[in-house]
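Please read the structure below before turning to the comments.
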Number of protein chains: 2
Amino acid sequence: MAQAQLVAEREASDGALDLQHFFPYRLAVLAEEVSRTVAQLYSDRFDLTRHEWRVLAALGINRRMAAKDIADYSRLDKMSVSRAVAGLEVKGYLDREEDPADRRNKILRLTPAGRALYQKIVPLARARERHILEALTAAERKALDVIMTKLLTQAHGLRERG
Amino acid sequence: MAQAQLVAEREASDGALDLQHFFPYRLAVLAEEVSRTVAQLYSDRFDLTRHEWRVLAALGINRRMAAKDIADYSRLDKMSVSRAVAGLEVKGYLDREEDPADRRNKILRLTPAGRALYQKIVPLARARERHILEALTAAERKALDVIMTKLLTQAHGLRERG
DNA sequence: TATTGTTATACTCTATAACTATA
DNA sequence: TATAGTTATAGAGTATAACAATA
């Protein structure tokens with residue numbers, strides 16, 4: 001795998017672009033690879049889609065949420081949440097009840113089976129996260145945290161402006 | 001957006017998992033956001049798919065490649081390359097010729113229109129990369145380069161082992 | 001009128017496998 | 001037999017919009 005150089009040393013040459021040194025490409029490849037290690041759990045072993053896993057994770061920590069809140073929490077759009085919720089309900093991991101305060105809302109929560117599944121997956125997911133981050137020194141982990149926050153803000157701003 | 005903590009301070013609590021502090025999720029969100037800023041160029045402005053853009057980028061720098069080599073270079077499978085190549089050919093950005101040395105190979109190269117498109121996109125893509133990375137200090141950029149390489153190796157190893 | 005949630009539609013991406021042709 | 005490339009198919013992700021029920 002080619003060692004990367006970020007933008008600094010080659011800003012002059014705008015005429016060509018080597019994907020192996022192009023930050024958005026490298027980031028996409030890395031995120032894809034990391035995602036797959038987690039997907040091996042929720043997808044291969046527990047037969048959930050990525051969206052279902054995110055909804056499960058949302059309800060695992062928040063217990064009772066409206067679909068709208070899950071969408072905000074998990075960065076899925078409301079349509080994806082609706083589909084994932086339907087999927088989890090069919091599999092018996094989740095149920096809905098009406099919100100008496102606002103009958104447009106469907107309050108969602110995990111069934112005992114859903115919570116059991118969640119508690120099976122979480123330690124495995126955590127172990128994978130831990131293992132991946134063990135490639136870094138403590139200082140690098142700390143730096144990465146700051147870096148990711150900065151980059152997300154910057155990229156978001158850029159995209160908003162088009 | 002919640003400030004993140006990476007794994008260090010909370011290894012004890014394996015019972016719950018907050019997506020906002022889960023590294024694979026945060027990385028996926030970041031990569032997605034960065035990808036979109038580049039997609040605004042190749043997709044919104046120049047009507048290419050992500051795969052077509054990768055093939056264009058491959059041929060922009062390597063001039064003449066077999067489909068197989070493009071797949072290796074761009075991390076697409078041969079089927080995705082085949083489709084992207086067909087799309088670019090229809091749009092007049094690419095043509096193929098037979099390799100006299102091995103007639104199974106189709107040698108691919110950009111047409112003048114394809115090269116012109118490439119040279120329009122590249123400086124814009126570079127500018128976006130540069131702008132995003134300007135959120136970081138020089139030291140952070142350097143650290144990130146090392147970090148990404150380490151993480152990719154580690155994640156790849158983990159995934160291979162399942 | 002605005003919001004929550006569902007359904008419809010279409011396009012893209014991902015994955016596996018069957019197939020053709022060449023080697 | 002093995003490799004390069006194409007085609008088929010299905011499941012999953014992404015996006016926009018129309019729609020129903022409720023506020």
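Since this is a predicted model, take the numbers as computed values, not measurements. Letters go in sequence order (proteins before strands), and every chain restarts at 1.
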Please report, rounded to the nearest Å, how far the [atom2] atom of [N] is from the [atom1] atom of [X].
X	N	atom1	atom2	answer
B:I70	D:dG5	CD1	P	9 Å
B:M79	D:dG11	CE	C1'	12 Å
B:R96	D:dA4	CZ	P	16 Å
B:L76	C:dT14	CG	C1'	11 Å
B:R54	C:dT12	CZ	P	16 Å
B:N105	C:dA21	CG	P	17 Å
A:H51	D:dA15	NE2	P	10 Å
A:D47	D:dA12	CG	C1'	13 Å

A:R83 or A:R36: which one's nearest nucleotide on DNA chain C is closer to the 5' end?
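So the residue in question is A:R83.
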
From the set [options], return the single nucleotide nearest to any side-chain atom of [X].
X	options	value
A:S82	C:dT6, D:dG5, C:dA23	C:dT6
B:R104	D:dA12, C:dT22, D:dG5	C:dT22
A:K68	C:dT4, C:dC13, D:dA23	C:dT4

Between A:T149 and B:R26: side-chain donor-acceptor atoms closer than 3.5 Å:
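Side chains of A:T149 and B:R26: pair found under 3.5 Å.
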
Any side-chain donor paired with an acceptor under 3.5 Å for A:Y25 and A:D18?
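Note: A:Y25 and A:D18 side chains miss the donor-acceptor criterion.
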
What contact category does A:K78 fall into here, base, sugar-phosphate, or nothing, at under 4.0 angstrom with non-hydrogen atoms?
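Base: the residue A:K78, judged by heavy atoms under 4.0 Å, touches a nucleobase.
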
Base, sugar-phosphate, or nothing: which does B:R50 touch, judged by heavy atoms less than 4.0 Å apart?
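Sugar-phosphate contact only - B:R50 comes under 4.0 Å of backbone atoms but never of a base.
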
How do B:E32 and B:A66 order along DNA chain D: which one's closest nucleotide is nearer the 5' end?
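The residue whose closest nucleotide sits nearer the 5' end is B:A66.
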
Would you kindly compare A:S80 and A:E98 by the position of their nearest DNA chain D nucleotide and give the one closer to the 5′ end?
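Comparing both residues, the 5'-ward one is A:S80.
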
Just how far is it from atom OG1 of B:T37 to atom CZ of A:R159, taken to the nearest 0.5 Å?
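If we round to the nearest 0.5 Å, B:T37:OG1 and A:R159:CZ are 9.0 Å apart.
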
Would you call B:E97 and B:K106 a salt bridge, taking side-chain N to carboxylate O under 4.0 Å as the test?
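B:K106 and B:E97: not salt-bridged.
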
Are A:V85 and A:L94 side-chain neighbours, meaning at least one heavy-atom pair lies under 4.5 Å?
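Counting from C-beta outward, A:V85 and A:L94 do come under 4.5 Å.
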
